[in-house]
Amino acid sequence: MKTNLITLSLGVGAMLLATEHAFADNNCAARTQIVDRLASHYGETRQSMGLGSDNALVELYASEETGSWTLTVTKPNGTTCLLASGKAFETVGQATVSAHGSDA
């Protein structure tokens, strides 16, 4: 799981430019509204999650059927915002890390 969060962290900067899903002119709403819309309109379900700064919940939603994905952040007040989205989602196996910190 740590590898997935590291990979997610490294890719966030590049993914911020890829936003496709639009919620009117505002990319934030109540979490239930966003989760419901991702499921009903895009067939996306939560694939991974982690805590960001200030206890923000960062989640990756994706559809294994269509390959669409969306990265969200939920603030402690319950507001969820879309950070990025895109296509060609795939699940990858976890890389093995040796004691010296390099991939095996």
## Note on the structure
Value for CD1 (I34) from OG1 (T74), rounded to nearest 0.5 Å, stands at 7.5 Å
#### Entry: Residues which pass side-chain hydrogen bond (donor to acceptor under 3.5 Å, both in side chains) with N77, listed by chain and number, not counting sequence neighbours
T79
### Message
Applying side-chain contact (heavy atoms from CB on, under 4.5 Å) to E65 and E44, what does each step give before you reach the verdict?
### Response
CA-CA 9 Å; E65 207 170 288; E44 295 179 4; over 6 Å; no
### Straight-line distance of L82 CG to T72 OG1, nearest 0.5 Å
7.5 Å
### Task
Enumerate the residue pairs fulfilling disulfide bond (SG atoms under 2.5 Å apart) with a member in residues 36-72, sequence neighbours excluded, ordered by first and then second residue.
none
### Task
Enter the distance from R37:CZ to T70:OG1 here, rounded to the nearest 0.5 Å.
10.5 Å
### Query
Yes or no on side-chain contact (heavy atoms from CB on, under 4.5 Å) for L57 and M49, after CA distance, side-chain angles and deciding distance?
CA-CA 7 Å; L57 177 64; M49 60 185 264; 3.8 Å; yes
#### Entry: Pairwise distance OG(S48) to OH(Y61) - rounded to 0.5 angstrom
10.0 Å
### Task
Just grab all the salt bridge (charged side-chain N to carboxylate O under 4.0 Å, His left out) pairs involving residues 70-84, residues at least two apart or on different chains.
none
### Task
Using side chain to side chain contact (heavy atoms under 4.5 Å, CB included) as the criterion, list what pairs up with V73, not counting sequence neighbours.
A56, V58, C81, L83
### Task
Enumerate the residue pairs fulfilling disulfide bond (SG atoms under 2.5 Å apart) with a member in residues 43-80, sequence neighbours excluded, ordered by first and then second residue.
none
### Query
Rounded to the nearest 0.5 Å, how far does CG of D36 lie from NE2 of H41?
10.5 Å
### Query
For the atom pair OH (Y42) and OG (S63), what is the distance rounded to the nearest 0.5 Å?
12.0 Å
#### Entry: Which residues share a side chain to side chain contact (heavy atoms under 4.5 Å, CB included) with T91, sequence neighbours left out
E64, F89
### Message
My understanding is that only residues two or more places apart in sequence, or in another chain, count here; which of them pass side chain to side chain contact (heavy atoms under 4.5 Å, CB included) with T45?
### Response
Q47
